[in-house]
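Input: one structure, supplied below.
For the single chain, residues carry numbers from 1 onward in sequence order.
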Amino acid sequence: MCGIVGYIGAKECSDILLSGLKNLEYRGYDSAGIAIGTDGGDVQMCRVKGKLNKLYEAYHSDPFDGTIGLGHTRWATHGRPSKTNAHPHRAGRVILAHNGIIENYGEIKSRLVDKGRSFDSQTDTEVLAHLIDQELANGASDLHSATRQALEQVEGSYALVIMTADNPDRLVVARNASPMVIGTSDGDIFAASDIPAVLEYTRDFQFLEDGDTAVLTRDGAEIYDADGEPVERETKHINWDPISAEKQGYKHFMLKEIHEQPARIIDTLRGRVDPEEGDVDLREVDIDPEWLADVDKIVMIACGTSFHACQVAKYAIEQVARVPVEIDLAHEFRYRDPIIDDNTLCVPVSQSGETADTLAAMGEARERGARVLSIVNVIESTMARESDGVLYTHAGPEIGVASTKAFTTQLAAVNMLAVWLGRRRGVLEQDTACEYLKALRQTPNLMEKILNRTDIYEQIARRYSDAESVLYMGRGNQFPIAREGALKLKEISYIHAEGLAAGEMKHGHIALIDEEMPVVVIAPRGGVYDKVFSNLEEAKARQGELIAIATEGDEQIAELADMVVEVPEASDFIQPMLSVVAAQLLAYHVADFKGTDIDQPRNLAKSVTVE
Ligand code: F6R
């Protein structure tokens, strides 16, 4: 939700701000703006409604530059997308950009209006600019003090970058429940919502903690904790390659990220699995292994695609390690008075590590006594830092708003966790563990086979892109893949889709099936193949148009289905990681045929940092 970038240094910064925003556009893209302290001693702003290309056009039609500035790309929460609601916001001398929500903004606004202040926008953010400006007018010694005094009056979440029109030598930043990093490189100081924003300029980052504020000058960053005391935040060197945040010749980030999956799974397994010994090395997870192996139950929480990974995990962990696994949508978990105790392991799963609902649910579980082992992609994200232990997924930066490689690497991580637990709990024989891990190691090669075929998806796209609605069905650990396939199609093609457990069809959904209704059946050979085949026949008997994701060479299915997408034969343990690639490609090609904005679908944002 919203991306922020700030710069102070020796360079003219318009390109740094604009490219930083481009790298953060996945966080929101309904309006954008920059503010730069110019050599003439004033601050100039450019704001637009719409995506960043509009900001580029507007900026280049009347350019300005300077060595201090800030920028913002927005995902609207309060106030519709418009130029007036776009950030940065200015009140008097104060100019700022904000990510988060000021919950008590209504009350503060009325107070400020009573004091004679007038507002231009409908945003919650503008009250912050006014509050800080008021503190300065009331005699605060400098921008940092004024900011701290203003923040004492607000409730809610924020990442902020702030400057004043009369001081071109200082940026102030603040963080509370919205991410903010500070990057440094040879006299250039950057502030950003996320690492990829400025990865082409620096790899050295400090991660602010909740309640932190910082003063950025050309001499460096001084960080203060929630009590206003100077504090050191460790500088971490990030090894992500800036090139991996670019499209590399693919038409969309999503397609590039789908094709990257074999490599990212290799990265996720590297150094952790030993198929010869039948074991997994999780020494990096900073939780007492004896406690971990002995937990009474596991509670997995997440949202969206990451929740589908939890659903697959339930099958894998219960079968392989015989530990009960409860799964919950994070936003439901928080409000249902869950039964948790100090023998519960809570496993939040998240690409960004910043999803507000998942963070809150994890806090709830911890308060009730659980220990937290998160499965997260973004290094040093809030979730990673607030967990007792972290199993990183190594998917690299995921830019496409629809999640792909984050999901399959999450599945690799839960499979590793399942084998680790199974071995430690004495319920998984070494030979069987060797087989599981060999299968896991083979996954990237098997995925490549799926990625090498494209014509079938193009045919499907031509035939079904006019559909109004599509049903996806699967059973066992393919049921979550039916849901994930449906979510991908909805997100990027705007076609309504629903993913159901195939056995549930006859309990209601079958009423929807007629010759207009494409039905995607995920039916690779394996555990419940025969059952799914029966469901396929039931759908065909109602004249449904059948698209099957099936094992290569399956003639029985080929005879019945109208279209077949083949996936290689593989063990049930890894099969969801293969069939989902077919489902991702299917959704991608339908959306591409329809010409939708695949990397930035309407109304969505990559990282949902508000409740
Ligand atoms: C769908 C998608 C979302 C996210 C969800 C959770 O393609 O990307 O459903 O999976 O918003 O986000 P994370 O994993 O960052 O917690």
Q: Identify, with sequence neighbours excluded, every residue that meets side chain to side chain contact (heavy atoms under 4.5 Å, CB included) alongside Gln153.
A: Arg111, Leu131, Glu135
Q | Check against side-chain hydrogen bond (donor to acceptor under 3.5 Å, both in side chains), Ser14 and Asp65 | A | CA-CA 6 Å; Ser14 60; Asp65 227 328; 2.7 Å; yes
Q) Is there a donor-acceptor pair under 3.5 Å between the side chain of Asp124 and the backbone N or O of Ile102? A) yes
**Q.** Whether Ser157 side chain and Ile101 backbone form a donor-acceptor pair below 3.5 Å
**A.** yes
Q. Taking all atoms of both residues into account, what is the closest heavy-atom pair of Val43 and Gly37, and its distance?
A. CG2-CA, 4.0 Å
**Q.** Lys297 bridged to Glu326 by N-O distance under 4.0 Å
**A.** yes
Q: Spell out, as yes or no, whether a donor-acceptor pair under 3.5 Å connects the side chain of Asn99 to the backbone of Ser178.
A: no
Q | Contacts of Ala365 that satisfy side chain to side chain contact (heavy atoms under 4.5 Å, CB included) - sequence neighbours left out | A | Phe333, Cys346, Ala370
Q.
Determine whether Ile340 and Val299 satisfy the following criterion, side-chain contact (heavy atoms from CB on, under 4.5 Å), listing intermediate values before the conclusion.
A. CA-CA 8 Å; Ile340 305 276; Val299 172; 3.9 Å; yes
Q) Taking only residues two or more places apart in sequence or in another chain, which ones pass side chain to side chain contact (heavy atoms under 4.5 Å, CB included) with Ala197? A) Leu24, Ala192
**Q.** Neighbour count above 12 (heavy atom, 6.0 Å) for Lys314 NZ
**A.** yes
Q: List the steps, then state whether side-chain contact (heavy atoms from CB on, under 4.5 Å) holds for Glu468 with His496.
A: CA-CA 6 Å; Glu468 282 187 5; His496 171 257; over 6 Å; no
Q) With sequence neighbours left out, which residue pairs that include part of residues 139-188 fulfil the ring pair (Phe, Tyr, Trp, His ring centres under 6.0 Å) condition? A) His144-Tyr224
Q: Go through Arg90 and Asp133 one step at a time and tell me if the salt bridge (charged side-chain N to carboxylate O under 4.0 Å, His left out) criterion holds.
A: CA-CA 9 Å; Arg90 178 168 186 166; Asp133 187 55; over 6 Å; no
Q.
Apply side-chain hydrogen bond (donor to acceptor under 3.5 Å, both in side chains) to residues Thr84 and Lys49 and explain how you reach the verdict.
A. CA-CA 8 Å; Thr84 344; Lys49 176 185 171 191; over 6 Å; no
Q: Would you please classify the geometry between the Phe119 ring and the His130 ring as parallel, tilted or perpendicular, with 30° and 60° separating the classes?
A: tilted
Q) Roughly how far, to the nearest 0.5 Å, is the CD1 atom of Ile182 from the CD1 atom of Ile189? A) 8.5 Å
Q | Ring-ring centroid check His308 Phe407, cutoff 6.0 Å | A | no
Q) When you look at NZ of Lys83, are more than 12 heavy atoms from neighbouring residues, nucleotides or ligands closer to it than 6.0 Å? A) no
Q: Might you point out which heavy atoms bring Leu70 and Leu17 nearest each other, and give the distance in Å?
A: N-CD1, 3.6 Å
**Q.** Electrostatic pair Asp30:Arg80 at N-O distance under 4.0 angstrom
**A.** no
Q. Is Lys490 reaching over with its side chain to a backbone N or O of Ala497, donor-acceptor style, under 3.5 angstrom?
A. yes
Q. Can you find a side-chain donor-acceptor pair between Asp204 and His237 that sits under 3.5 Å?
A. yes
Q. Is it true that a side-chain atom of Thr123 and a backbone atom of Glu126 form a donor plus acceptor pair closer than 3.5 Å?
A. yes
Q | Val198/Val5 under side-chain contact (heavy atoms from CB on, under 4.5 Å): CA gap, chis, key distance, verdict | A | CA-CA 8 Å; Val198 291; Val5 61; 4.0 Å; yes
Q) Please walk me through it: do Ile36 and Ile68 pass side-chain contact (heavy atoms from CB on, under 4.5 Å)? A) CA-CA 6 Å; Ile36 294 179; Ile68 178 170; 6.0 Å; no
Q) Under the 3.5 angstrom rule, does the side chain of Arg47 hit a backbone N or O of Ala86 as a donor-acceptor pair? A) yes
(Q) For Tyr59 and Phe64, I'd like to know if the aromatic rings sit close, meaning centre-to-centre distance below 6.0 Å. (A) yes
Q: Drop me the distance from Ile195's CD1 to Phe190's CZ, to the nearest 0.5 angstrom.
A: 14.0 Å
Q: Identify the two heavy atoms, one from Pro88 and one from Met45, that lie closest to each other, and give their separation to 0.1 Å.
A: O-CE, 3.7 Å
**Q.** Under 3.5 Å donor-acceptor, Lys594 side chain and Ser493 backbone
**A.** yes
**Q.** Check ion pair Lys22-Glu25 (N to O, under 4.0 angstrom)
**A.** yes
Q: Check whether more than 12 heavy atoms from other residues, nucleotides or ligands sit under 6.0 Å from atom CG of Asp15, and answer yes or no.
A: no
Q: Nearest 0.5 Å please: distance from the OH atom of Tyr56 over to the SG atom of Cys46.
A: 12.0 Å
Q: Please report the closest heavy-atom contact between Glu354 and Ser350, naming both atoms and the distance.
A: N-OG, 4.1 Å
Q. If only atom types and distance count, is the side chain of Asp328 paired as donor or acceptor with the main-chain N or O of Met300 below 3.5 Å?
A. no
Q: Supply the atom-to-atom distance Asp357 CG to Phe307 CZ, rounded to the nearest 0.5 angstrom.
A: 13.0 Å
Q: Enumerate the residue pairs fulfilling salt bridge (charged side-chain N to carboxylate O under 4.0 Å, His left out) with a member in residues 168-192, sequence neighbours excluded, ordered by first and then second residue.
A: Lys11-Asp188, Asp169-Arg218, Arg175-Asp210
Q: Measure the spacing between OG1 of Thr164 and CG of Leu96 and express it to the nearest 0.5 Å.
A: 11.5 Å
**Q.** Rounded distance (nearest 0.5 Å) linking atom OG of Ser387 with atom CD1 of Ile375
**A.** 10.5 Å
Q: Sequence neighbours left out, what passes side chain to side chain contact (heavy atoms under 4.5 Å, CB included) with Asp341? Give chain and number order.
A: Asn343, Thr344
Q. Does the ring of Tyr494 carry Arg602 above it, NZ/CZ under 6.0 angstrom from centre and within 45° of its axis?
A. yes
**Q.** Check against side-chain hydrogen bond (donor to acceptor under 3.5 Å, both in side chains), Asn377 and Thr393
**A.** CA-CA 5 Å; Asn377 186 40; Thr393 50; 3.3 Å; yes
**Q.** Ionic contact status for Arg371 with Asp342, cut-off 4.0 Å
**A.** no
Q.
Under the criterion salt bridge (charged side-chain N to carboxylate O under 4.0 Å, His left out), I'd like the reasoning laid out for Asp142 against Arg148: C-alpha separation, chi angles, the key distance, then a yes or no.
A. CA-CA 10 Å; Asp142 57 21; Arg148 283 186 45 81; over 6 Å; no
Q: Run through Leu216, Val231, Val173 and flag the one making a side-chain contact (heavy atoms from CB on, under 4.5 Å) with Ile223.
A: Val231
Q: Taking Lys405 for its side chain and Ala395 for its backbone only, find out whether a donor-acceptor pair lies under 3.5 Å.
A: yes
Q) Going through the distances and angles, do Glu12 and Thr67 end up as a side-chain hydrogen bond (donor to acceptor under 3.5 Å, both in side chains)? A) CA-CA 5 Å; Glu12 301 230 298; Thr67 56; over 6 Å; no
Q) Would you find a donor on one side and an acceptor on the other, under 3.5 Å apart, between the side chain of Gln351 and the backbone of Val376? A) no
